[in-house]
Amino acid sequence: MAMAIRSLLIFLFILSLTVPTFSLHEDQVGLMDWHQKYIGKVKHAVFQTQKTGRKRVLVSTEENAIASLDLRHGEIFWRHVLGANDAIDGIDIAMTKYAITLSSGGSILRAWNLPDGQMVWESFLQGPIDSKSFLFVSTSSKVDKDNTILVFGKGSLHAVSSIHGEIVWKIDFPSESFEVQEVIQHHDGNTIYVVGFVGSSQFDVYQINAKNGELLKHDSAAVDGGFSGEVSLVSRAKLVVLDAARSTLLTISFQSGEISFQKTYISDLVEDFSGIAVILPSKLTGLFAVKTNTATAFISVSSEGKLEVVDKIKHATVISNVLSISEDQQAFALVQHGGNDIHLNVKQVHDWNSDLLKERIKLDKQRGLVHKVFINNYVRTDKSHGFRALIVMEDHSLLLLQQGEVVWSREDGLASIIGVTTSELPVEREGVSVAKVEQNLFEWLKGHMLKVKGTLMLASAEDVAAIQGMRLKSSEKSKMIRDHNGFRKLLIVLTKSRKLFALHTGDGRIVWSLLLNSLRQTEACENPTGINVYQWQVPHHHAMDENPSVLVVGRCRTGTDAPGIFSYVDTYTGKELKSFGLDHSVAQVIPLPLTDSTEQQLHLLIDANGQAHLYPRAPEAAAIFQREFSNIYWYSVEADKGVIKGHGLQSNCDGEVADNYSFGTREIWSIVFPSESEKIISTVTRKSNEVVHTQAKVIADQDVMYKYISKNLLFVATVSPKASGDIGSATPGESQLVVYVVDTVTGRILHRMTHHGSQGPVHAVFSENWIVYHYFNLRAHRYEMTVIEIYDQSRADNKDVLKLVLGKHNLTSPISSYSRPEVTTKSQSYYFTHSIKAITVTSTAKGITSKHLLIGTIGDQVLAMDKRFFDPRRSVNPTQSEKEEGILPLTDSLPIIPQSYVTHSHKVEGLRGIVTVPAKLESNTLVFTYGVDLFFTRLAPSRTYDSLTEDFSYALLLITIVALVVAIFVTWVLSEKKDLSDKWR
């Protein structure tokens with residue numbers, strides 16, 4: 001055993017010397033990478049502004065993040081990103097020191113320490129059914145008092161201790177369809193009232209002992225017309241709700257055990273009312289807001305239940321929750337839009353005509369409308385009340401407003417990226433240079449002397465800091481022009497908020513941002529969504545005269561049958577060049593490898609009816625497309641039906657109006673997987689723009705193997721239906737994973753392999769002629785990664801040098817998917833330690849540099865692994881020639897070297913995707929990782945063999961050359977003296 005461990009350690013040591021790593025020296029931090037932290041669109045916010053300690057705001061977001069933000073600067077004090085299936089239902093503060101979160105449909109309750117974010121306790125709440133969740137925390141301000149936290153979820157009401165997280169009592173309501181709407185605490189604190197609906201027509205009130213959970217009283221009543229929408233609690237014993245038709249307001253009183261209903265037609269309160277109404281969520285005493293098609297009406301409720309309109313506002317309006325500023329005074333914020341400005345009013349609940357605050361703030365119109373507002377008060381030096389407002393905008397950004405100004409803002413829309421592409425920067429024009437000479441000769445010499453000290457390890461801590469500062473200051477990475485190495489680019493990202501950002505790869509700053517008007521909500525397009533962003537025009541021959549542009553594709557609503565939307569955006573200026581709605585749906589977007597004379601890339605759109613549409617709609621584009629008409633194929637995957645189909649074009653269009661840019665399609669082939677034994681869980685194909693340097697692979701015995709290179713290959717992974725759930729949902733005997741390699745032109749299956757006792761999720765990457773995929777082995781209780789390499793046997797005879805010289809070979813013969821391929825495969829499986837979230841491969845300009853797999857681990861970091869680890873020809877005892885080729889000895893598991901994490905010590909919370917972009921310099925590749933956070937870096941998988949590193953010390957080289965010249969001269973003088981003295985002897 002000791003011998004095996006010693007051998008493993010020696011092997012890992014050798015690997016650390018031979019395999020490139022991506023660790024950094026202390027003074028290199030931030031030179032080639034940047035990391036940005038975000039939280040996402042805020043759903044809930046609770047202010048914590050005690051007299052002592054830092055003032056902060058606790059927020060939860062749509063990205064399942066909970067964070068504590070500094071109210072002064074908007075920085076993150078601490079943050080936790082929960083799992084993708086652990087959505088946050090509510091947050092609050094208990095005992096003034098714990099942050100309470102309810103998540104997973106009311107089944108998980110957690111307490112976090114407010115100062116540092118450490119978890120204090122966690123409780124799992126069980127219940128009979130899934131239901132709406134509700135969180136209620138007592139408003140008592142006593143720090144040491146164990147306040148009971150009330151949680152409704154899974155059809156049950158739980159009382160949980162705020163100190164230990166223990167369940168004090170639990171109530172299962174008689175009716176399984178009962179959903180809690182409000183929890184009301186009696187003024188004595190010993191009784192609570194739980195009100196809610198059973199179905200859509202019965203209203204229930206439960207009176208419960210807060211100490212032991214004893215049910216004291218239960219009242220219920222039914223009403224004709226039903227209930228729907230939000231509920232507004234206007235007093236301790238009165239609430240307002242809409243009927244099922246959303247045209248009538250129901251005032252429900254439930255005092256002293258009696259339930260009464262009072263109906264009021266909205267048309268009697270709001271003139272010209274039509275359609276449906278919505279009650280805006282709020283908890284204003286004696287007041288609520290109703291949004292109609294014409295205006296937002298604020299309606300007061302008298303003690304007798306009479307409704308009266310106090311004001312109507314026609315502009316877009318958002319209201320906050322109630323804020324208690326004294327024992328008998330409550331206030332709320334009202335935000336209205338007026339042009340490019342917003343009007344912020346803070347009003348008293350019981351005095352509509354008086355404004356505690358009235359401000360007008362000018363905001364960037366690219367932020368869109370205000371979606372939510374949260375307010376907090378503070379005491380000024382003159383003892384008057386001041387107010388600050390936390391604003392959530394349409395683009396998911398977060399702003400803090402105070403004293404009529406924007407104190408800080410956060411671009412949290414970048415936490416929800418759905419599409420990424422790149423754009424080149426402008427070319428530096430002749431005679432125009434943005435480079436500035438910022439250093440004189442003395443500073444230049446001083447800087448290089450510091451670098452020499454750093455190289456010789458003689459630099460102090462102050463010297464190291466000075467070196468890093470000089471490097472960042474003198475770095476050219478953030479210039480707005482192209483560099484000859486291709487390191488400086490623009491990352492064009494599309495977010496879930498339908499906003500487009502251009503990020504500079506040098507430092508990650510936002511160059512421009514654009515909220516797409518074409519994807520904003522309108523009467524004709526009620527719920528627009530973005531699909532992706534594509535390169536549209538990439539000028540090469542006219543780079544000095546024309547700007548590149550991108551194409552943003554969207555839909556008017558979710559679903560592939562929704563009408564499509566096109567938008568063209570200039571990537572240099574961020575201006576929307578053109579936008580229009582499509583008269584057809586968008587089910588699939590296929591960028592074609594064809595461009596017209598203006599270098600616009602042709603795109604083929606497939607609608608829900610199977611028709612194909614060509615863009616741009618221009619005669620030249622149609623002529624180019626017609627020349628390649630018979631060579632265009634694509635595939636579609638219907639995972640829920642277990643079907644993969646291959647498609648081609650046919651000349652006629654089945655639409656009512658035929659034109660030269662719409663085409664009919666035909667089904668060429670289909671593969672139907674048996675639903676009782678296989679379910680599609682993953683499909684992967686090669687990147688369309690991947691560059692392959694050579695098809696030949698020279699192996700150890702000087703033999704040659706030819707890679708089977710085809711852009712028409714598809715990797716498909718299926719599992720047995722019982723194993724399609726989470727890991728462990730099926731036994732090893734019930735589960736199996738089957739992988740296929742399919743030619744998408746003919747539908748021919750080139751390779752099939754079965755992994756018995758294995759299941760997904762499957763993450764795969766397809767590059768050149770090889771596939772690497774990750775899955776779970778139930779028998780071994782470990783994750784595995786398998787590699788498949790595909791080789792072309794039809795060219796196996798092209799190994800004779802004489803034949804190659806005389807041209808008697810078939811290397812230049814055309815390859816057709818319709819000719820039956822003679823392929824052979826090699827595969828190997830390895831154990832892997834981590835579960836993963838994403839996987840991709842590095843890409844370079846010419847495809848010469850060795851490949852590295854970039855693996856997004858479950859720990860939200862990116863691990864780089866040399867493709868040599870996944871060589872299927874690895875053996876336990878490689879021969880000398882195999883060692884010279886670079887084949888590593890075979891091990892059952894893949895080693896993870898800490899220095900190979902390209903994210904270093906950073907975490908990309910909520911990691912969703914990894915994008916690689918080739919630089920012009922062959923040895924380098926650019927890597928962009930996105931999730932809730934963003935991370936960018938530059939990698940050299942085979943080291944920088946074609947350039948000097950940026951930290952190369954020219955001063956040290958100069959000193960070395962001078963020292964050598966001096967040494968040569970001194971040696972020559974000494975040699976001459978010695979020869980002269982020898983002659984005198």
Side-chain angles (χ1 to χ4, degrees), residues 38 40-42 62-63 316 318 337 340 363-372 392-398 411-423 490-503 510-537 548-591 600-601 603 605-608 613 615-617 912-913 930:
Y38 297 101
K41 184 181 182 182
V42 171
E62 292 183 354
E63 301 301 322
V318 180
H337 281 270
N340 292 334
L363 294 182
D364 183 2
K365 64 179 181 180
Q366 296 299 336
R367 296 194 182 277
L369 302 176
V370 175
H371 276 194
K372 289 188 179 182
V392 183
M393 303 299 294
E394 183 180 353
D395 67 341
H396 298 185
S397 60
L398 187 66
E411 294 289 352
D412 284 302
L414 287 168
S416 55
I417 292 175
I418 59 175
V420 182
T421 189
T422 59
S423 173
L490 288 178
L491 293 168
I492 311 298
V493 299
L494 177 66
T495 65
K496 196 184 296 183
S497 63
R498 306 176 300 279
K499 190 172 185 179
L500 205 62
F501 290 86
L503 306 178
I510 298 174
V511 178
W512 54 260
S513 61
L514 174 67
L515 186 64
L516 296 164
N517 288 322
S518 55
L519 289 177
R520 298 185 70 180
Q521 187 174 0
T522 60
E523 293 183 1
C525 194
E526 297 180 354
N527 186 25
T529 58
I531 299 176
N532 209 337
V533 56
Y534 304 90
Q535 290 187 346
W536 177 252
Q537 186 177 18
S549 57
V550 293
L551 166 67
V552 179
V553 183
R555 297 189 183 102
C556 271
R557 60 179 184 271
T558 56
T560 57
D561 59 341
I565 303 171
F566 261 29
S567 177
Y568 305 105
V569 180
D570 188 314
T571 62
Y572 287 174
T573 63
K575 293 181 178 179
E576 193 169 20
L577 303 175
K578 184 181 179 182
S579 64
F580 53 90
L582 306 179
D583 56 1
H584 57 81
S585 59
V586 179
Q588 197 172 353
V589 182
I590 306 173
Q600 289 182 345
Q601 187 173 2
H603 288 70
L605 271 65
I606 313 300
D607 63 22
H613 306 269
Y615 291 89
R617 290 177 170 256
R912 291 192 302 272
Y930 62 92

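Numbers for residues simply follow the sequence, beginning at 1.
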Determine whether Val553 and Asn532 satisfy the following criterion, side chain to side chain contact (heavy atoms under 4.5 Å, CB included), listing intermediate values before the conclusion. CA-CA 6 Å; Val553 183; Asn532 209 337; 5.9 Å; no

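- Taking each heavy atom of Val420 and Val533 in turn, the nearest pair found is N-CG1, 3.9 Å.
- Looking at Ile417 and Tyr38, their side chains never come closer than 4.5 Å, going by heavy atoms from C-beta outward.
- Using a 4.5 Å cut-off on side-chain heavy atoms (C-beta onward), Ile492 and Thr422 make no contact.
- Residues Val392 and Asp412 form no side-chain contact, since every pair of their non-hydrogen atoms from C-beta on lies 4.5 Å or further apart.
- Considering all non-hydrogen atoms of both residues, Arg520 and Leu369 come closest at NH2-CG, 3.7 Å.
- Rounding to the nearest 0.5 Å gives a distance of 6.0 Å between OG of Ser549 and CG of Leu577.
- For Glu576, there are no salt bridge (Lys or Arg N to Asp or Glu O under 4.0 Å) partners two or more places apart in sequence or in a different chain.
- The backbone N or O of Leu515 sits less than 3.5 Å from a side-chain atom of Gln366, completing a donor-acceptor pair.
- Two residues are said to be in side-chain contact when any heavy atoms from C-beta on lie closer than 4.5 Å; Val586 and Asp607 fail this criterion.
- Arg555 contributes no side-chain N or O that, together with a main-chain N or O of Ile531, makes up a donor-acceptor pair within less than 3.5 Å.
- When all heavy atoms of Phe580 and Leu582 are compared, the pair lying nearest together is CE1-CD2, 3.4 Å.
- A side-chain donor-acceptor contact under 3.5 Å links His337 to the backbone of Val370.
- The OG1 atom of Thr421 sits 11.0 Å away from atom CG of Leu490, with the distance rounded to the nearest 0.5 Å.
- Within the 4.5 Å cutoff, side-chain heavy atoms of Ser416 are placed close to those of His396.
- Atom OH in Tyr930 sits 11.5 Å away from atom CG in Leu491 (nearest 0.5 Å).
- For the salt bridge (charged side-chain N to carboxylate O under 4.0 Å, His left out) criterion with Glu394, the lone passing option out of Arg498, Arg367, Lys496 is Arg498.
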Is there a side chain to side chain contact (heavy atoms under 4.5 Å, CB included) between Lys499 and Met393? Walk through the geometry before answering. CA-CA 12 Å; Lys499 190 172 185 179; Met393 303 299 294; over 6 Å; no

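- Proximity of Val550 to Leu494: side-chain heavy atoms (C-beta onward) are nowhere separated by under 4.5 Å.
- Side chain of Trp512 to main chain of Thr571: a donor-acceptor pair is present (N/O by atom type, distance under 3.5 Å, no hydrogens or angles).
- Looking only at distances, no side-chain donor or acceptor of Ser567 sits under 3.5 Å from a matching main-chain atom of Val552.
- Distance OG/Ser423 to CH2/Trp536: 15.5 Å, rounded to 0.5 Å.
- Side-chain atoms of His603 come within 3.5 Å of backbone atoms of Gln601 as a donor-acceptor pair (strictly under, hydrogens ignored).
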Worked verdict on Ser579 versus Asn517 for side chain to side chain contact (heavy atoms under 4.5 Å, CB included): CA-CA 9 Å; Ser579 64; Asn517 288 322; over 6 Å; no

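- The distance from the CG atom of Asp395 to the CG atom of Leu500 is 12.5 Å, given to the nearest 0.5 Å.
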For Leu514 and Val569, run side chain to side chain contact (heavy atoms under 4.5 Å, CB included): C-alpha distance rounded to whole Å, both residues' side-chain angles, the deciding distance at 0.1 Å, then the answer. CA-CA 9 Å; Leu514 174 67; Val569 180; 3.9 Å; yes

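- Taking every heavy atom of both residues into account, Glu411 and Ser397 meet most closely at OE1-CB, 4.0 Å.
- Arg557 is linked by a salt bridge (Lys or Arg N to Asp or Glu O under 4.0 Å) to nothing, counting only residues two or more places apart in sequence or in another chain.
- In this structure, Leu519 CG and Ser497 OG are separated by 10.5 Å, a value rounded to the nearest 0.5 Å.
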